[in-house]
Amino acid sequence: MTLNTAPIQAAVAILQAGGLVGLPTETVYGLAADASNEAAIARIYAAKGRPADHPLIVHLAGVAGLAQWAKNIPPAAFKLAEAFWPGPLTLILQKQPWVSDLLTAGQPTVGLRVPAHPVALAVLQAFGGGLAAPSANQFTHVSPTTAAAVLEELAGRVDLVLEGGECDVGLESTILDLSGATPTILRPGMLSRDAIEAVLGVKVAVRAASTVRVPGQHVVHYAPSTPCALITEAGLAGLSGTSALITHRRDVSVPPGVTVHVLSSDPQAYAHDLYRVLRELDHQGFQQIAILRVPDSPEWEAIQDRLQKAAGRS
Ligand code: TXA
Ligand code: MG
């Protein structure tokens with residue numbers, strides 16, 4: 001991608017002035033603000049309608065910025081950064097004392113990642129500091145994977161949205177907590193547990209329920225406003241013309257009148273398209289979006305997590 005520097009310079013000027021910028025990353029679009037400016041951080045929470053007890057991830061231009069934000073950084077963090085940054089991995093580390101409680105929701109830890117998107121990296125490099133950026137959606141909504149979706153969520157609440165095309169990964173980063181004795185996955189992502197374990201040479205834990213506030217762990221999250229239901233193959237016969245079906249299998253039969261959207265049977269491609277398709281179907285007036293259950297295998301773990309949260313309402 002050739003980068004037009006004018007929008008990037010405009011974004012940096014807005015960020016330096018404490019404003020908000022819709023920023024493409026390889027996972028989903030973020031709502032970025034200066035992570036060392038408390039007024040700017042407060043604007044993020046207000047724009048998203050996000051409760052203040054849900055911490056934000058700080059995005060950095062490179063691993064060199066890590067020690068400014070985190071302390072007691074374990075060797076595992078550098079190993080993982082070397083292997084996966086820039087990329088869809090967020091590390092939770094003990095925070096430096098100066099880091100704002102508003103950013104970390106009062107926790108002694110901070111989430112950090114280096115995103116793999118040329119536009120995000122260009123902004124981060126030109127800006128020089130850390131950018132707080134949650135997904136650029138209203139609290140509990142589906143994360144945006146296009147610039148148009150950011151505007152749909154936040155028009156009038158964001159100063160500028162940078163165009164960066166459709167996000168490559170399509171689901172939010174894997175979050176790994178390295179602040180305690182055992183590396184623990186707090187949110188699965190398309191960067192798999194296997195890949196992390198292969199680099200660390202140790203098993204990592206996966207946290208089911210949480211004492212730490214992780215918005216993605218609300219029962220309803222990543223959800224369209226149309227009720228979503230996860231169904232098995234046996235449930236297909238019960239669908240009617242008021243339903244849309246998302247399926248990764250072409251070989252299923254459904255009653256006449258059901259709108260069928262086939263996604264890939266490859267998990268990477270499925271993840272890439274899922275949020276865009278949920279968003280499109282959400283606009284079409286269905287009474288229900290039914291989603292065929294995906295395989296119970298590690299490559300589908302992050303997708304399964306998001307589908308369960310999308311269906312949490314119904
Ligand atoms: O892929 C991503 O991670 C995207 C892009 C924009 O980078 N960002 C994203 O941010 O998904 P958000 O705020 O929507 O989700 C970040 C998650 C939240 O569940 C938050 O609670 C958790 O990271 N988090 C942030 N700091 C944390 C901390 N110190 N301890 C535990 N969880 C933390
Ligand atoms: Mg989010």
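Atoms within each ligand, like the ligands themselves, are counted from 1 in listed order.
Residue nearest to atom 8 (N) of ligand 1, selected from Ala133, Ser143, Cys167: Ala133 (by heavy-atom distance). Relative to atom 7 (O) of ligand 1, the option among Arg207, His59, Gln107 with the closest non-hydrogen atom is His59. Nearest-residue assignment for atom 30 (N) of ligand 1 (options Leu23, Thr109, Leu56, Thr25; heavy-atom criterion): Thr109.
Under 3.5 Å, the side chains of Ser264 and Asp266 contain no donor-acceptor pair of N or O atoms. Checking Ser265 against Arg250 by side-chain atom types alone, no donor-acceptor pair falls below 3.5 Å.
Taking backbone and side chain together, Ser135 holds an N, O or S atom under 2.8 Å from the Mg ion (ligand 2).
When atom types are taken as modelled, the side chain of Thr242 and the backbone of Ser240 share no donor-acceptor pair closer than 3.5 angstrom. For Thr174 (side chain) and Gly189 (main-chain N/O), a donor-acceptor pair under 3.5 Å exists by modelled atom type.
Distances shorter than 4.0 angstrom occur between a heavy atom of Arg50 and an atom of ligand 1.
With a 4.0 Å heavy-atom cut-off, ligand 1 is reached by the side chain of Ile175 but not by its N, CA, C or O.
Between Val99 and Thr104 there is a side-chain heavy-atom pair separated by less than 4.5 Å.
The shortest N or O to N or O distance between Tyr29 and ligand 1 is not under 3.5 Å.
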